[in-house]
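Only one structure is covered here, and it is reproduced in the block below.
Numbering of ligands and ligand atoms starts at 1, following listing order. Basis for what follows: all heavy atoms, side chains included, without hydrogens, waters or symmetry-related copies.
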Amino acid sequence: MEEGRGRSSTLKAFTRCRPTPILYKIILSIELLGSSSQGFAKGYTFQACRSKAEAQVYFNSGEVHACIVTCGGLCPGLNTVIREIVCGLYHMYGVSKVIGINGGYKGFYAKNTIPFDPKFVNDIHKRGGTVIGTSRGGHDTKKIVDSIQDRGINQVYIIGGDGTQKGAAVIYEEIRRRGLKVAVAGIPKTIDNDIPVIDRSFGFDTAVEEAQRAINAAHVEAESMENGIGLVKLMGRYSGFIAMFATLASRDVDCCLIPESPFYLEGKGGLFEYIEKRLKENGHIVIVIAEGAGQELLSQNWNEKDASGNKLLKDVGLWMSHKIKVTYCDVILISRIEANPTYMIRAVPSNASDNVYCTHLAQSAVHGAMAGFTGFTVGLVNGRQTYIPFNRITEQQNQVVITDRMWARLLSSTNQPSFLGAIEVANAKENENAAQSSEGDNCKNNSAEEDSVAKSLEGESCKNDSAEESAAQSSTVENCRNNSAVEKSVAQPSKGENCKGNAVEEESVAQPSKGENCKGNAVEEKSVAQPSKRENCKN
Ligand SMILES: Nc1ncnc2c1ncn2[C@@H]1O[C@H](COP(=O)(O)OP(=O)(O)OP(=O)(O)O)[C@@H](O)[C@H]1O
Ligand SMILES: O=P(O)(O)OC[C@H]1O[C@](O)(CO)[C@@H](O)[C@@H]1O
């Protein structure tokens, strides 16, 4: 739909932006609506983004009907992302038809929607939660796409975690199958930071900060009592990032237990031995435990699932607290402090750094959709704003690698046992290497002869581009060359990082400095968190 381009009233203003050289370009299979060679975003597009912005706008602002939906668990920053999508569409592109879908995916096939304008969303970033509600389950692709079609929606912004992005991918496929000109953009959300490829998910920083407060309180309590044991349960179903970072940030934690690092309680090198040692040395101990840690110790035959199909976890905090009680109550006087701040952490508004990140993500999504891209998720990759094909985000989960430096830093900072023998460490390393080389292989399949995958992806894209679009792209090839040169020095050739190269750099449209220049140019136990519970077993 080439005719759809360049019609926005705000375009002229945008062309006043000074063209900036492109530093990176990585091309992948993100669909550009109306592109003749469907399924591939072309390098020249990004070049055009910078120097000739009008060529980038696919949608006529008057024809845009956008909707926003939030799904999955809460996360700090949801409202900021909503606010910035609405404001971005209104202020940068002059779009005035934006609605909120109520209560997650199932809201698509409910009657009511929420009309948004900048006034409505002005202050929402100061509140936790999401003004449009969220839910698990209820993803019915046919009904959702019917609703998109019936309502005449042509831009869909989907904010959520890995499950949500899988749902978004299915919606995108169905939209494509029906031949609808609808842009589907995902904004990845999860305080667990378990979404792969991207540097971090929004809300994570806030969650770590908030977790620290709980740890601090548990530490104060534990240290004030004889043999005080503070136990803080944090979120993290399969990924222990919050627990790990909060532990590293706080320095008050003696032991951090995460799903990726199996542990045991009794015997030499076990948790109880360490507890006794710390109590003897220090008079107190603080343990942080991620909700997914040690599940294999408590629930062999447990198969309950939530509405989205996620396995429900047993309460490892309660279990651990009970184990400590029965082990020590008759032996020494201990004071247990059990804190479960999980839902408190999720419900707060985002902090300053997350607010900025949310803004960046939201504006990138808006620029991408307005440019006619679809089937992508936005995110920072190696510090750069990128568009990433849905399948890259959904095919695996980001987890703490316990043979990596960050976990080693934690072990060194807490001095806790690793719970691993030399053989297990070697095995873990081997598995990790195998996983990395298979990732590398995947990447290599996408590329030609280059040894660095990130480089070769670029190279390959350039080759494809120039083959298919010779005239329009001679400048692209130029850029690609330049980009690979730059990339060589920056691309991290290690492991999955290479696969990160599969993202499409979006930086061209959402550069903060450029945004500055363009300013005014207008394109541009669900329970309430359980308070600390103190229980002296002997009293
Ligand atoms: N494979 C899938 N295909 C289609 N829809 C899915 C799929 N997995 C999850 N969904 C839908 O996505 C929505 C959110 O999924 P889920 O509850 O797993 O949360 P999430 O996005 O992973 O976020 P969180 O990190 O908070 O768990 C639900 O409405 C669910 O039905
Ligand atoms: O109780 P809910 O809403 O299902 O959410 C719990 C899950 O959500 C998450 O916070 C992810 O958003 C997980 O860490 C946690 O297991």
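- Inclusion of V170 in the set of residues having an N or O under 3.5 Å from an N or O of ligand 1 is not warranted.
- For atom 18 (O) of ligand 1, the closest non-hydrogen atom of the protein is N310 ND2, 2.9 Å.
- Under the 4.5 Å side-chain criterion, counting only non-hydrogen atoms from C-beta, P76 is not in contact with N351.
- Scanning H139, K106, K189 for the heavy atom closest to atom 23 (O) of ligand 1 points to K189.
- Remark: minimum distance from atom 21 (O) of ligand 1 to any protein heavy atom is reached at T164 OG1, 2.4 Å.
- Ion pairing between a basic and an acidic side chain is recognised when a charged N comes within 4.0 Å of a carboxylate O; K233 and D315 show such pairing.
- No side-chain donor-acceptor contact under 3.5 Å links N79 to the backbone of P349.
- For ligand 1 and Y105, the ligand atoms under 4.0 Å from any heavy atom of the residue are 11 (C), 12 (O), 13 (C), 29 (O).
- Looking at A168, G203, G137, it is G137 that brings a heavy atom closest to atom 28 (C) of ligand 1.
- Ring to ring, H367 and F373 are not that close: their centroids are 6.0 angstrom or more apart.
- In terms of protein heavy atoms, atom 8 (N) of ligand 1 is closest to G163 O, 3.5 Å.
- N102 contributes no side-chain N or O that, together with a main-chain N or O of G107, makes up a donor-acceptor pair within less than 3.5 Å.
- For G236, the heavy-atom gap to ligand 2 drops under 4.0 angstrom.
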I'd like a table of donor-acceptor pairs (distance under 3.5 Å, sequence neighbours excluded) in which one partner is a side-chain atom from residues 253-265, with atom names and distances.
unit_1: D254; atom_1: OD1; unit_2: R278; atom_2: NE; d: 3.1
unit_1: D254; atom_1: OD1; unit_2: R278; atom_2: NH2; d: 3.0
unit_1: D254; atom_1: OD2; unit_2: V286; atom_2: N; d: 2.7
unit_1: E260; atom_1: OE1; unit_2: G240; atom_2: N; d: 3.1
unit_1: E260; atom_1: OE2; unit_2: G240; atom_2: N; d: 2.9
unit_1: E260; atom_1: OE2; unit_2: V400; atom_2: N; d: 2.9
unit_1: Y264; atom_1: OH; unit_2: K268; atom_2: O; d: 2.9
unit_1: Y264; atom_1: OH; unit_2: G269; atom_2: O; d: 3.4

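- Looking at atom 4 (C) of ligand 1, its nearest protein heavy atom turns out to be G167 CA, 3.5 Å.
- Residues passing the side chain to side chain donor-acceptor pair (under 3.5 Å) test with Q399, sequence neighbours excluded: none.
- Closest protein heavy atom to atom 27 (O) of ligand 1: R136 NH1, 2.9 Å.
- Remark: ligand 1 and G73 share an N or O pair separated by less than 3.5 Å (distance only, no angle test).
- Ion pair R177/E173 not flagged as a salt bridge, since none of the NZ, NE, NH1 or NH2 atoms sits closer than 4.0 Å to an Asp/Glu carboxylate oxygen.
- Near R136, with a cut-off below 4.0 Å to any heavy atom, the atoms of ligand 2 are 2 (P), 3 (O), 4 (O), 5 (O), 6 (C), 7 (C), 8 (O).
- Summary of contacts: the protein heavy atom closest to atom 2 (C) of ligand 1 is K166 CB, 3.7 Å.
- Here the heavy atom of the protein found nearest to atom 30 (C) of ligand 1 is S308 OG, 3.4 Å.
- The ligand atoms of ligand 1 that sit less than 4.0 angstrom from a heavy atom of T190 are 25 (O).
- In the model, N355 has a side-chain atom that pairs as donor or acceptor with a side-chain atom of T80 under 3.5 Å.
- At least one heavy atom of R237 sits closer than 4.0 Å to an atom of ligand 1.
- By the 4.0 Å N-to-carboxylate-O rule, K143 lies too far from D146 to be salt-bridged with it.
- Considering backbone and side-chain atoms alike, G72 places every N or O at 3.5 Å or more from each N or O of ligand 1.
- A cation-pi geometry, defined here as NZ or CZ lying under 6.0 Å from the six-membered ring centre and within 45° of its normal, does not hold between R392 and F376.
- Scanning the protein heavy atoms around atom 22 (O) of ligand 1, the nearest turns out to be D162 OD1, 2.7 Å.
- Side chains of R409 and S413: no donor on one and acceptor on the other come within 3.5 Å.
- When E291, R346, K311 are ranked by how near their heavy atoms come to atom 6 (C) of ligand 2, first place goes to R346.
- Considering backbone and side-chain N/O atoms, T190 never comes within less than 3.5 Å of an N/O atom of ligand 2.
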